[in-house]
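Only a predicted model underlies this, so the values are computations on that prediction, with no experimental measurement involved. Counting from 1, the numbers follow the sequence of the chain as shown. Just the heavy atoms: all of them, side chains too, but no hydrogens, waters or symmetry mates, feed the values below.
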Amino acid sequence: MAAPLELVLSTDAAGQVANCSVWDPQTGAVLLTYRGGNSTPHALALLGGQYLIGGQLGKNYINVWELQRKDQLQQKIVCPGLVTCLAASPSGLYLVAGIGESIYLWEVCTGNLLAILNSHYQDLTCLTFTDDSSHFVSGSKDSLVLVWNLFTVLQAEGSRGPEPRHMWTQHTLPITDVQCGSGGPQARAVTSSLDQTVKLWDIASGELLVSVLFDVQIMSVTFDPAEYHLFCGGSDGSIFQVDLCAWPVQREKNFSVDQEKVFRGHRGQVTCLSVSLDGSMLVSGSHDETVCVWDIQSKQCLRTVSHRGPVTNAFIIPAPGNMLRADSKPNFPLPRFSKHFQGAEGSDGPESDGIILRLGKHQYGLEDTYQQRAEHLHQLLGESEGKNLSGLVEQLRSRTSELEEELSMVRKINKDLFNFSASIITKP
């Protein structure tokens with residue numbers, strides 16, 4: 001039998017048989033299983049075409065498997081908190097993870113933690129990269145969607161922190177899914193929310209292009225490869241197909257079941273959607289513990305693959321050549337990932353004796369290290385002035401600690417108020 005051109009990766013919340021199953025969408029035959037734990041929704045990805053990574057459900061680490069060694073868990077990336085979502089850049093160079101309300105960015109080749117982004121106010125729900133790895137988009141329970149320029153994030157000084165390129169605030173309830181189309185920085189992004197809307201955005205300008213209102217909450221969304229249609233998974237088990245090329249063009253419209261197309265078959269909310277490369281098949285995962293493969297043209301379910309728990313991830317990928325070859329080995333070893341922020345000069349471990357490259361530093365010539373600057377400053381200041389400066393530093397540290405405690409308390413109050421308000425608004 002010829003090797004499949006595309007594969008489906010799916011996970012469920014039970015993880016009794018395997019963490020992740022790999023199967024042929026044409027036949028439904030399971031080809032590989034990766035064992036060990038279970039994966040969080042929106043937290044399964046291929047890393048550099050060499051590794052499979054999945055955020056452990058309810059735990060503070062990320063599972064790592066070599067693609068061809070499916071029966072053995074190879075590594076765990078320990079994180080400073082619960083992993084709520086993650087994404088790997090298509091280039092394989094960077095990994096981002098949502099940990100609470102913060103975004104952690106690692107460099108894959110060194111394992112260094114390059115940035116911690118704290119612009120969200122509630123837990124992250126989804127992350128995704130553009131196809132050229134130049135931008136990534138984050139969605140959160142705070143109803144915000146932020147677009148990040150990767151170069152800007154890498155260039156920013158750790159003390160100030162980078163600002164997102166765009167902040168989309170038009171949603172009013174938690175974000176449930178974010179997907180990017182083709183085109184790199186010129187691509188379009190689509191977002192879904194518990195506020196029953198799906199919104200289409202232009203990443204280059206940040207402009208809202210289309211907003212579609214539904215009668216149910218939308219839990220997942222995706223494009224077809226040509227970006228002619230949106231597929232939106234509802235909380236009632238329905239999948240709605242929205243035509244983006246319908247005439248006349250409406251910036252805001254209500255979804256009409258009579259005029260649009262609906263896939264029916266799931267009995268629980270649709271948690272994940274993915275379309276094949278040729279745009280002929282749609283894969284959907286649901287809380288009814290099934291993954292369905294649909295023919296988009298006829299809206300018929302071609303096959304159903306049962307799972308042991310609510311489906312948390314399901315998507316189609318081009319079949320990697322090394323996934324089905326037992327003798328294949330990764331092209332690069334995965335380093336130990338740091339849990340603490342990596343400064344420009346220092347490191348948190350003994351294995352950091354390599355060369356650290358900082359993008360853009362050549363524009364300013366050679367710069368003194370922080371230690372050299374401190375010694376120079378000490379020479380300029382007298383001994384008495386140095387003592388006064390030390391006292392001032394201690395006062396600043398004490399005041400900073402007090403402010404951090406106050407900020408933590410305010411964030412907790414804000415989070416409790418938001419969860420209380422959201423539970424009342426979404427109460428059936």
Side-chain angles (χ1 to χ4, degrees), residues 4-12 20-31 41-42 44-46 126 128 131 176-182 187-192 198 200 210 212 214 216-246 255-257 259-307 310-319:
L5 298 178
E6 293 179 305
L7 300 173
V8 176
L9 277 63
S10 59
T11 66
D12 59 63
C20 178
S21 300
V22 181
W23 44 278
D24 186 350
Q26 299 289 345
T27 64
V30 177
L31 305 177
H42 302 289
L44 185 72
L46 291 183
C126 41
T128 189
D131 57 356
T176 55
D177 201 2
V178 174
Q179 297 294 332
C180 291
S182 302
R188 299 184 294 180
V190 61
T191 59
S192 61
V198 168
L200 183 67
V210 176
V212 184
F214 295 83
V216 298
Q217 295 174 338
I218 302 300
M219 312 306 298
S220 55
V221 67
T222 193
F223 291 103
D224 66 337
E227 300 182 23
Y228 284 166
H229 305 285
L230 290 177
F231 298 93
C232 311
S235 58
D236 64 347
S238 300
I239 304 172
F240 309 103
Q241 179 178 318
V242 179
D243 186 2
L244 296 178
C245 299
F255 183 88
S256 173
V257 176
Q259 299 175 3
E260 307 287 352
K261 301 174 181 179
V262 182
F263 300 76
R264 300 188 185 278
H266 283 298
R267 301 183 307 277
Q269 68 181 38
V270 180
T271 56
C272 35
L273 293 168
S274 182
V275 180
S276 62
L277 291 177
D278 63 0
S280 65
M281 288 188 303
L282 173 68
V283 171
S284 61
S286 171
H287 274 190
D288 64 9
E289 303 183 2
T290 64
V291 175
C292 293
V293 180
W294 307 83
D295 177 70
I296 292 179
Q297 185 66 31
S298 64
K299 308 296 180 294
Q300 297 299 312
C301 181
L302 301 179
R303 61 193 49 83
T304 300
V305 177
S306 298
H307 288 64
V311 177
T312 53
N313 298 278
F315 54 87
I316 301 177
I317 61 167

Pairing residues for F223 by the ring pair (Phe, Tyr, Trp, His ring centres under 6.0 Å) criterion, not counting sequence neighbours:
none
E227: which residues meet the salt bridge (charged side-chain N to carboxylate O under 4.0 Å, His left out) condition with it, sequence neighbours left out?
R188
Just verifying a value: how many Å separate [X] [atom1] and [Y] [atom2], rounded to the nearest 0.5 Å?
X    : Y    : atom1 : atom2 : result
I239 : H266 : CD1   : NE2   : 4.5 Å
D12  : S286 : CG    : OG    : 12.0 Å
I316 : L5   : CD1   : CG    : 12.0 Å

Please identify each residue that fulfils side-chain hydrogen bond (donor to acceptor under 3.5 Å, both in side chains) with T271, with sequence neighbours left out.
none
With sequence neighbours left out, write down each residue that passes side-chain hydrogen bond (donor to acceptor under 3.5 Å, both in side chains) with S10, or none if nothing qualifies.
W23, H307
Taking the side chain as every heavy atom from C-beta outward, state whether [X] and [Y] have any pair of such atoms under 4.5 Å apart.
X    : Y    : result
Q26  : M281 : yes
F214 : V242 : yes
F255 : V216 : no
V305 : V8   : no
L244 : Y228 : no
H229 : K261 : no

Please identify which of these residues, L230, V221, T222, meets the side-chain contact (heavy atoms from CB on, under 4.5 Å) condition with L273.
T222
Name all pairs fulfilling the salt bridge (Lys or Arg N to Asp or Glu O under 4.0 Å) condition that reach into residues 262-273, sequence neighbours left out, sorted by first residue then second.
none
Could you name each residue pair satisfying ring pair (Phe, Tyr, Trp, His ring centres under 6.0 Å) that touches residues 283-302, not counting sequence neighbours?
F263-W294
Between the side chain of [X] and the main-chain N/O of [Y], is any donor-acceptor distance below 3.5 Å?
X    : Y    : result
D224 : G279 : no
T290 : T304 : no
E6   : S276 : no
N313 : H42  : yes
S274 : V283 : no

Restricting to non-hydrogen atoms, name the atom on [X] and the atom on [Y] that form the minimum distance, rounded to 0.1 Å.
X    : Y    : answer
P25  : V293 : O-CG1, 4.1 Å
V270 : G237 : CG2-O, 3.6 Å
D177 : S220 : OD2-CA, 3.5 Å
A314 : V311 : CB-CG1, 4.3 Å
I218 : G234 : CD1-CA, 4.2 Å
G181 : A187 : O-CB, 3.7 Å

